[in-house]
K.L.:
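Below you'll find the structure I mean.
Letters A, B, ... are given to chains in the order of the sequence lines, protein chains preceding strands, and every chain is numbered from 1.
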Amino acid sequence: MSGPSTYNPKSGIERWLDQRLPLPRLMHDTMATFPTPRNLNIWYTFGGILTFCLGVQIITGVVLAMHYVANAGLAFDSVEAIMRDVNYGWLMRYMHANGASMFFLAVYIHMFRGLYYGSYKAPRELIWIIGVLIYLLMMATAFFGYVLPWGQMSFWGATVITNLFSAIPVIGTHIATWLWGDFAVGDATLNRFFSLHYLLPFIIAGVVGLHIWALHVPGNNNPLGIDVKSPQDTVPFHPYYTVKDAFYLVLFVILFAAFVFFSPDFFGNPDNYQPANPLVTPPDIVPEWYLLPFYAMLRSIPNKLLGVIVMGGAIVTLVFIPWLDTSRVRSCRFRPLMKQFFWAFAVCCVLLGYCGSQGVDAARFGIPLVWVARIASLYYFAFFWLIMPIIGLIETPKKLPASIAQSVFGDNAATPAE
Amino acid sequence: MAATTSDAGTRRDFIYVASASIGAVGAAALAWPFIDQMNPTTAALALASTEVDLAAVQPGQQIIVKWRGHPLFVRRRTPAEIAASKAVDVASLPDPLANNNALPDSAPATDANRAVKPEWLILIGVCTHLGCTPTVSTPAIPEGEYGGWLCHCHGSMYDTAGRIRKGPAPRNLEVPPYTFLSDTRVKVG
């Protein structure tokens, strides 16, 4: 789809630049004239929304770093000073904290979109795998960031997550000590987490560049999951999708602002407004909502090493999806069986999240949640490693439309009015 | 010259491989300082010891003191708690080892190996699962099923000798090295 460049420098300065550093040509070809399937729906606007989220986190983060002190004795008070004394510090921090949740909300929608429409299938395997890498980097960044306010949840969250590495046989405890820089989470840990929390967003920005680069080779997938066959199937990215992306971005920002201004601690945990105390663990440790499904898996396994392996395996599994899906058809729109298993999978992820948010021995309707989590975890893995390969072989997909243009304009697609 | 022309590039290949190998060794050697800088500093390594005054601790009570950054449980056990611990068959435990710093690694997890003086149980208050601080159980407010501790993070239950009985934790709570200076003072570390 990335055919010959259509860039035509108009002014002298553009011609001069084009022969030395063809940046305007790159922008023109990737953002203006880039041929994009004409049938992209709302779920395809989240790539742009995610770029916006990364920008918000970097800008507010740089500001917060001007006022934050990465020291176990001072960190908590410096965050309180940001909230009370720094001009608009409360706004910067609430945008940053809620921005993380918005970022994950958008990335989960983006991932489920890719899963539903088969966007990971050839020739887009690498786009998907780079995306999984971005997701991993996001989780690491969010974890490091959550530790920085040095409240009770920060401290004990850091303790639990770093202790995951102690499950590794023989060298596990040495790795944990190496991560801490001490024999427990402490000042050394906080300092290095701050350093990494500042670094990783820029790494993410670089990997996002690769993600978009890889996307621009085959071009966008689309809700029909069929290839672009003629220029009639596409529209230029600008103005069609710049405007569509902008419209949904505005709606997204309204939701974002609603949290920032009306319920800024909605996603937070009140325990984190207590300074870190290494001697007292809060009665209920809960990670941030976007990690709850994995946390539920960890807790549902009554063996330390196995629990950690299952939790890590849940994420590693995502890398193999392009090869686990054996279907020749991409989009679930034409996969009546897969569609049902897909929605069951979505429900199972929400269920896991719910189980992770409840106490260890909680039960609902007489059913211990630990068993709900076990069954949901089993389905999570079965969905990818059993259902996906088998359904692809036995399912009879519905008839695919001849082309994107035909499905948009009907059978008289030969001469669409344009 | 004859040797090099008959087997073209041998000498040059050797130089390539040799310089690449030396370069790789050098890069690996330089990587180590960048890795090792994250390990505990000499200040953190300097072993600290803490003296604990036991005079105010009543039977059935537990106090928590800080030792090397970790919470330390000092529990004065009641005769019933000691008896409950002694009645346990060590072979039936998930972790049959004492996990006591003062004893060999292979020492069994008998009550005597867990507490030098049966009345005083001194443990590092770090759950061996993922490092939370377990909550102590008392007859008034029971925590877990074994009268010892319950870790609220992931549900590990310990008995009245701090041995893991149920839940995801793999090992018994660790016993630190300690010596009694008098009947009411103990030095830990």
K.L.:
Given a strict heavy-atom distance threshold of 4.5 Å, which part of B:Ile35 is in contact with chain A: side chain, backbone, both, or neither?
P.N.:
both
K.L.:
Which region of B:Ser156, side chain (C-beta onward) or backbone (N, CA, C, O), has a non-hydrogen atom less than 4.5 Å from a non-hydrogen atom of chain A, or is it both or neither?
P.N.:
neither
K.L.:
Please classify the contact between A:Asp182 and chain B as side chain, backbone, both or neither, with a heavy-atom cut-off of under 4.5 Å.
P.N.:
both
K.L.:
Is the closest side-chain heavy-atom distance between A:Val160 and B:His154 below 4.5 Å?
P.N.:
yes
K.L.:
Could you check whether A:Gln152 and A:Asn277, counting side-chain N and O atoms only, form a donor-acceptor pair closer than 3.5 Å?
P.N.:
no
K.L.:
Among A:Phe155, A:Tyr68, A:Trp156, exactly one meets ring-ring contact (aromatic ring centres under 6.0 Å, His included) together with A:Trp150. Which residue is that?
P.N.:
A:Phe155
K.L.:
Is it the side chain or the backbone of A:Tyr295 that comes within 4.5 Å of chain B heavy atoms, both, or neither?
P.N.:
side chain
K.L.:
Do A:Phe345 and A:Phe384 have ring centroids that are under 6.0 Å from one another?
P.N.:
yes
K.L.:
Taking the side chain as every heavy atom from C-beta outward, state whether B:Arg171 and B:Ile164 have any pair of such atoms under 4.5 Å apart.
P.N.:
no
K.L.:
So for A:Leu298, is it side chain, backbone, both, or neither that comes closer than 4.5 Å to the heavy atoms of chain B?
P.N.:
side chain
K.L.:
Compute whether any side-chain donor of one residue and acceptor of the other, for B:Asp36 and B:Asn39, lie under 3.5 angstrom apart.
P.N.:
yes
K.L.:
With a 4.5 angstrom heavy-atom cut-off, which part of B:Val126 approaches chain A: side chain, backbone, both or neither?
P.N.:
neither
K.L.:
Which one, A:Ile285, A:Leu279, A:Leu179, leads in non-hydrogen pairs under 4.5 Å with chain B?
P.N.:
A:Leu279
K.L.:
At a 4.5 Å cut-off on heavy atoms, which part of A:Thr159 comes close to chain B: side chain, backbone, both, or neither?
P.N.:
both
